[in-house]
Amino acid sequence: MSNQIIPYGRQEITPEDIQTVIETLQSDFLTQGPKITEFEEAFAKYTESNYAVAVSNGTAALHLAVMALGVREDEYVICTPITFAASINCVKYCGGQVLFADIDPETYLMDIKSVKLLIKNNPDKKIRGIIPVDFAGRVPQLDAYRKLADEHGLWIIEDACHAPGGFFTDQNGERQLAGNGKFAELSIFSFHPVKHIATGEGGMITTNNEKLYKHLLTLRTHGITRNTAVFENSIEFAVGNSHAGDEYPLWYMEMQELGYNYRLTDFQAALGISQLKRADLNLIKRRAIAELYTNAFSHVPGIIHSSGITEGHAYHLFVLEVEDRKGLYDFLRSNGIFAQIHYIPVHLMPYYRKQGWKEGDFPMAERYYSRCISIPMFPSMTEEEINYVISITKLFYERS
Ligand SMILES: *Cc1c(COP(=O)(O)O)cnc(C)c1O
C-alpha cells in the first residue's frame with residue numbers, strides 16, 4: 001500500500017452528514033436556532049444525563065464548568081499531568097491554583113491513591129475540586145472519586161473528551177456511562193475532528209444539576225438572562241419613557257454577571273446530531289481495532305505495555321509503551337503512518353515549569369511519557385490499514 005498517510009485519528013463525514021448541514025444552512029437559523037436544543041437533548045440522552053449545554057469547543061466547556069463551580073485565588077484544583085493542557089488551564093483562567101497527582105502505570109489514569117495522599121499532605125491548602133480525565137477513552141472509578149470529594153467538600157469536573165459512550169463499572173456492579181451526571185457535578189466533551197464526534201470545533205457540558213444547567217446557559221451567552229423572574233432592575237426602568245405597565249417589555253434582558261460568547265452554531269449542531277447517530281457503531285469498530293492491536297502486540301519484544309482490552313473503554317487512543325520510542329515513531333512516519341504522542345506531561349510544559357514544577361515530580365507520568373506512542377485508531381480504518389500498521393510496527397522490532 002501506502003502512498004497514503006494514515007494519521008493517528010481522523011474524522012468521518014458521510015453524505016448524510018453533508019446533507020443535514022446543507023439543510024441547516026438553507027434554514028432560517030445559522031446560530032441560536034432549533035438544532036442546538038435538538039443536539040443537546042440527543043446528547044443528554046446518549047450520556048444518560050439530565051441536561052446538556054452545547055458550547056463552541058471543549059476548552060470553553062472547561063472554562064464555563066470551572067466558572068460555574070467556582071474557584072478562588074487561594075484555592076487549588078487537582079488534575080493529572082497526562083492530559084491535554086486545556087484540562088487544567090481552565091483553573092488558571094479562573095484565577096485558581098493547580099495541583100497535579102501522578103498516574104497509575106497500569107491504567108494511565110490519575111491514581112486516586114496519589115490524589116488522597118496529596119490531600120492528606122496539604123492540610124494547609126484549600127483544595128476546591130478534582131478534574132479526573134477519561135484518558136484515551138478509559139473512564140475512571142468516578143464513584144470512588146465522588147466518595148473522596150464528599151469527604152472533603154470538593155467538586156468534580158469529569159474531562160470526558162476521550163470517552164463519549166465509554167463507561168466504568170461501579171462498586172455495585174452497575175455500568176456508569178461517561179458524563180451521566182451521577183458522580184461529577186459537570187462533565188465536558190469536545191467535538192474536535194480527532195474526537196469521537198466531529199463538529200469542526202464544538203463542545204458539550206452534561207449535568208444532572210438543574211441550577212448549574214441554567215447558570216451555564218447564561219454564562220455561554222455573555223451572562224445575559226431573559227428570565228423575568230430573576231430580573232434585578234425595575235419594570236419602570238425597563239419600560240423607559242412611556243407609561244409603565246406591570247410587565248417587562250419584550251426587548252428587555254439583563255446582563256447580570258460576566259459571561260462569554262461560547263455558543264455553537266446550528267450547522268455544527270446539525271453535524272453533531274448526524275454524527276451522534278453513528279457513535280455506538282463507531283465504538284464497536286474502535287474496540288475491534290483495539291482487540292486486533294492487543295493480540296498482535298502482546299508478545300513483541302520491545303513493546304512493554306499497551307492500552308489493552310478493558311470493558312467500557314471508548315478507545316479514543318490506543319497507546320503502546322515501547323522501547324526506542326523515537327526510533328519507532330520515525331520508522332512509522334517514513335512508512336506513512338503518523339503516530340502521535342499523548343501527552344507531554346503538562347507539569348513540564350515551560351508555562352508550568354516556570355511556576356515551580358520540575359522533572360522528577362511525577363515519576364510514573366514521566367516514565368510513561370518517555371515511552372508512549374499512540375498508533376492510528378479511528379473507526380473508518382480499513383482492514384488493510386490496520387494490518388499495515390501492525391506489520392510495520394512489528395517489522396521495526398524484528399529488524400532491529
Ligand atoms: C481535546 C481535548 C480538550 C479540549 O477540547 P477542544 O475542543 O480542542 O477545546 C480538553 N481535554 C482533553 C482531554 C482533550 O482531549
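Counting starts at 1 for both ligands and their atoms, following the listed order.
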Nearest to atom 4 (C) of ligand 1, what protein heavy atom do you find, and at what distance? T59 OG1, 3.7 Å
Is it true that R138 and T107 share a donor-acceptor pair across their side chains at a distance under 3.5 Å? no
Candidate with minimal heavy-atom separation from atom 11 (N) of ligand 1, of I82, T83, D159, L317: D159
Tell me the protein heavy atom at minimum distance from atom 8 (O) of ligand 1, and give that distance in Å. S190 OG, 4.0 Å
Would you mind checking if R287 and E291 are paired as a salt bridge, meaning a charged N to carboxylate O distance below 4.0 Å? yes
The atoms of ligand 1 lying under 4.0 Å from a heavy atom of Y343, numbered in the order shown, are 15 (O)
Ligand 1 contact by S87, heavy-atom criterion under 4.0 angstrom: yes
Counting heavy atoms only, name the option from G203, G202, A61, C161 that's nearest to atom 10 (C) of ligand 1. C161
Mark yes or no for whether D361, through its side chain, and W357, through its backbone, hold a donor-acceptor pair below 3.5 Å. no
For atom 1 (C) of ligand 1, closest protein heavy-atom neighbour: K195 NZ, 1.5 Å
Which ligand 1 atoms are under 4.0 Å away from a heavy-atom of G58? 5 (O), 6 (P), 7 (O), 9 (O)
T206 side chain to G179 backbone, donor-acceptor under 3.5 Å: yes
Any carboxylate oxygen within less than 4.0 angstrom of a Lys/Arg side-chain nitrogen, looking at K182 and E48? no
Verify, without hydrogens or angle tests, whether T207 (side chain) and E185 (backbone) share a donor-acceptor contact under 3.5 angstrom. yes
Answer with yes or no whether F189 contacts ligand 1, where contact means a heavy atom under 4.0 Å from a ligand atom. no
Is there a donor-acceptor contact under 3.5 Å linking the side chains of H162 and Y315? no
